[in-house]
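A short write-up of the structure that comes next.
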Protein chains: 2
Amino acid sequence: MATDHTGVVPGAGSRTRRRADAERSITAIVEAALVAFRSDADATMADIARTAGVGRVTLYSHFPSREELLEEVMARAIEDVRAVLAAVPVEGPPARDALAGVVRSCWQVLDRYRSLHAAAVRVLGPERMRARHDEPLATIGALVERGQHDGTIRADLPRDWLVATVYSLLHAAASETEAGRLSPGDAAGVLEATVVSALSPAPAAG
Amino acid sequence: MATDHTGVVPGAGSRTRRRADAERSITAIVEAALVAFRSDADATMADIARTAGVGRVTLYSHFPSREELLEEVMARAIEDVRAVLAAVPVEGPPARDALAGVVRSCWQVLDRYRSLHAAAVRVLGPERMRARHDEPLATIGALVERGQHDGTIRADLPRDWLVATVYSLLHAAASETEAGRLSPGDAAGVLEATVVSALSPAPAAG
DNA sequence: TCTAACCCGAACACATCTGTTCGGGTTAGA
DNA sequence: TCTAACCCGAACAGATGTGTTCGGGTTAGA
């Protein structure tokens, strides 16, 4: 710990200014990690370095460990989700319609990151992974709760389960697309239709 | 290759009769593999041997490689699913009702094997994993097709996607249960309700 | 009882990955 | 131009896992 890892994330006034080529390397590495993890959850540091077109030593000079690299990549993905979620109107329309919008937005991001999820779960462990998703998932949870009150979302099933359903279908759509069984163009619409049906109040409950 | 691995699966007339203690070891190993993989997808051969209460050498004498062991364990799991699926009346009642029964049955099996799936995907790879599931999934696919004809299952979404939805929700229920966010007692009912809603014809399609 | 089948710990060869060090080359940027 | 920051291949130490061999002990089962 306590490396002079001055913060890969820009924005804050980084006191030790990095040279432009270093900045370029870091970007290439993060990008490569995304690509590498997409095709193989066990991608090694050597794989990633090769994909990024940098030396392994360079990689280690920026990210002291494999875990920290994953951490950074995950942080960017989650940040994207958070940003997208924040931009969606959650208060205005009926919950079910808002939900459809949220699902579409999440899909945009997920489509970018696809199987990163699997890799991250393995390295970071399910708990820490869950922690990362907690914030966006809580947003969805709140939306579901509102819907359960205004009657546009079913109230006969636990809220946590409904959130898990959304999460699960989102990732299912990602892997079906990846596998070529679902066309990327259809995915968003199909996904939205399925989520809405699953979360709508049951018409003739048994 | 070409080991004298006379076939761990009984049934066929195994020419080299195994001694009773060997049979016992094999059972213990398969059982242990199930337990070990449940808690850690990366369980080593040493872990499994320890859990089974046998020596590592003994393990290797029965299963020449980690992969073959996984293969065998998976085969048993799939066989269970197949058996359960075969016992369910698929022809009689309307497709949607039959589907509910199928989901419940699959859940019984999945509840036993839970996170074996994750481990198997990692070792066997997604394609071979998919191949294993193809048969049971085809059964569900046929059922969905029938439902799309008799009108009890929605026809506005691709059949493959509906099958994927079932598959995905099944595994979501497994991990939610594992995580303690869904009580084992509720799981079957909650799952069934969700699948039925997701696959029922949309009442007021957009 | 007797023997082949089985069990098993110890130790080995081999592979692979992580993270580090060394030493020299390249380049951004003042 | 000049130098600190950066890049990088080679090579190392250390950890961990796989699959095998050896040599001796135990037990099923005829």
Side-chain angles (χ1 to χ4, degrees), chain A residues 1-8 10 14-33 36-37 39-73 119 122-124, chain B residues 1-8 10 14-33 36-37 39-73 119 122-124:
Chain A
M1 288 180 198
T3 18
D4 57 317
H5 192 237
T6 346
V8 178
S14 33
R15 93 196 73 183
T16 17
R17 267 284 279 295
R18 240 193 307 265
R19 245 172 54 178
D21 51 355
E23 211 80 50
R24 228 178 302 133
S25 289
I26 291 174
T27 305
I29 288 168
V30 173
E31 211 69 30
F37 286 136
S39 57
D40 176 17
D42 289 319
T44 57
M45 293 295 257
D47 291 333
I48 296 168
R50 202 179 317 115
T51 306
V54 301
R56 213 164 55 90
V57 181
T58 304
L59 202 172
Y60 275 105
S61 81
H62 290 300
F63 300 94
S65 76
R66 186 182 142 85
E67 185 169 333
E68 289 212 29
L69 172 57
L70 216 348
E71 204 98 22
E72 171 62 24
V73 174
R122 285 197 21 60
V123 180
L124 264 38
Chain B
M1 295 189 189
T3 19
D4 57 319
H5 193 240
T6 343
V8 179
S14 34
R15 94 195 75 182
T16 18
R17 269 283 280 295
R18 240 193 308 264
R19 242 173 56 178
D21 51 355
E23 213 79 51
R24 227 177 303 134
S25 289
I26 292 174
T27 305
I29 289 168
V30 173
E31 210 70 30
F37 286 136
S39 57
D40 175 17
D42 289 319
T44 55
M45 293 296 256
D47 291 333
I48 296 169
R50 203 179 315 116
T51 305
V54 301
R56 211 164 57 90
V57 181
T58 303
L59 202 173
Y60 274 106
S61 81
H62 290 300
F63 300 93
S65 76
R66 187 182 142 84
E67 185 169 332
E68 289 212 28
L69 172 58
L70 215 348
E71 203 97 22
E72 171 63 22
V73 174
R122 286 196 19 61
V123 179
L124 263 37

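In what follows, every chain begins at residue 1, and chains take the letters A, B, ... in the order their sequences are listed. As the structure is a computational prediction, the values presented were derived from the model and not from experiment.
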Check this for me: does the side-chain of A:Arg56 come within 3.5 Å of the base of D:dG9 through a donor and an acceptor?
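When only heavy-atom distances are counted, A:Arg56 does not reach the base of D:dG9 through any donor-acceptor pair under 3.5 Å.
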Is it the case that D:dG29 (base atoms only) and B:Arg19 (side chain only) share a donor and an acceptor within less than 3.5 Å, ignoring hydrogens and angles?
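Looking at the base of D:dG29, it does not pair with any donor or acceptor on the side chain of B:Arg19 (distance under 3.5 Å).
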[X] [atom1] to [N] [atom2], straight-line distance once rounded to whole Å:
X       : N      : atom1 : atom2 : result
B:Asp40 : D:dT16 : CG    : C1'   : 14 Å
A:Met45 : C:dT20 : CE    : P     : 10 Å
B:Tyr60 : C:dA10 : OH    : C1'   : 16 Å
B:Leu59 : C:dC6  : CG    : P     : 15 Å
A:Ile48 : C:dT18 : CD1   : P     : 8 Å
A:His62 : D:dA5  : NE2   : C1'   : 10 Å
B:Glu68 : D:dT18 : CD    : P     : 15 Å
B:Ile29 : C:dC6  : CD1   : P     : 12 Å

Taking side chain to side chain contact (heavy atoms under 4.5 Å, CB included) as the criterion, tell me which of B:Ile48, B:Ile29, B:Val30 meets it with B:Val73.
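Among B:Ile48, B:Ile29, B:Val30, the one that satisfies the side chain to side chain contact (heavy atoms under 4.5 Å, CB included) with B:Val73 is B:Val30.
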Under a 3.5 Å cut-off for both contacts, is [N] paired Watson-Crick or G-U wobble with anything, and if yes, with which nucleotide?
N      : answer
C:dA4  : D:dT27
C:dC22 : D:dG9
D:dA15 : C:dT16

Taking the side chain as everything from C-beta on, heavy atoms only, tell me whether B:Glu72 gets closer than 4.5 Å to B:Ile26.
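No - every pair of side-chain heavy atoms lies 4.5 Å or more apart.
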CA sep, side-chain torsions, deciding dist, call: A:Val54, A:His62, side chain to side chain contact (heavy atoms under 4.5 Å, CB included):
CA-CA 11 Å; A:Val54 301; A:His62 290 300; over 6 Å; no
Quick one: is A:Ser25 getting a side-chain N or O under 4.0 Å of the D:dC7 phosphate, OP1 or OP2?
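So the side-chain polar atoms of A:Ser25 do come within 4.0 Å of the phosphate oxygens OP1 or OP2 of D:dC7, strictly under.
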OP1 or OP2 of C:dC17 versus the side-chain N and O atoms of A:Thr44: is any pair under 4.0 Å?
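Checking A:Thr44 against C:dC17: no side-chain N or O falls below 4.0 Å of OP1 or OP2.
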Proximal nucleotide (of [options]) relative to the [X] side chain:
X       : options                : result
B:Arg18 : C:dC8, D:dG19, C:dC6   : C:dC6
A:Ala20 : D:dG19, C:dG29, C:dG19 : C:dG29
A:Arg66 : D:dA10, C:dG19, C:dC8  : C:dG19

Show the numbers, then the answer: is there a side chain to side chain contact (heavy atoms under 4.5 Å, CB included) between A:Leu69 and A:Met45?
CA-CA 9 Å; A:Leu69 172 57; A:Met45 293 295 257; 4.2 Å; yes
A:Glu67 or B:Arg24: which one's nearest nucleotide on DNA chain C is closer to the 5' end?
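Between the two, 5'-proximity favours B:Arg24.
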Salt-bridged, B:Asp21 to B:Arg24, with N to O below 4.0 Å?
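Not counted as a salt bridge, because no side-chain N and carboxylate O are separated by less than 4.0 Å.
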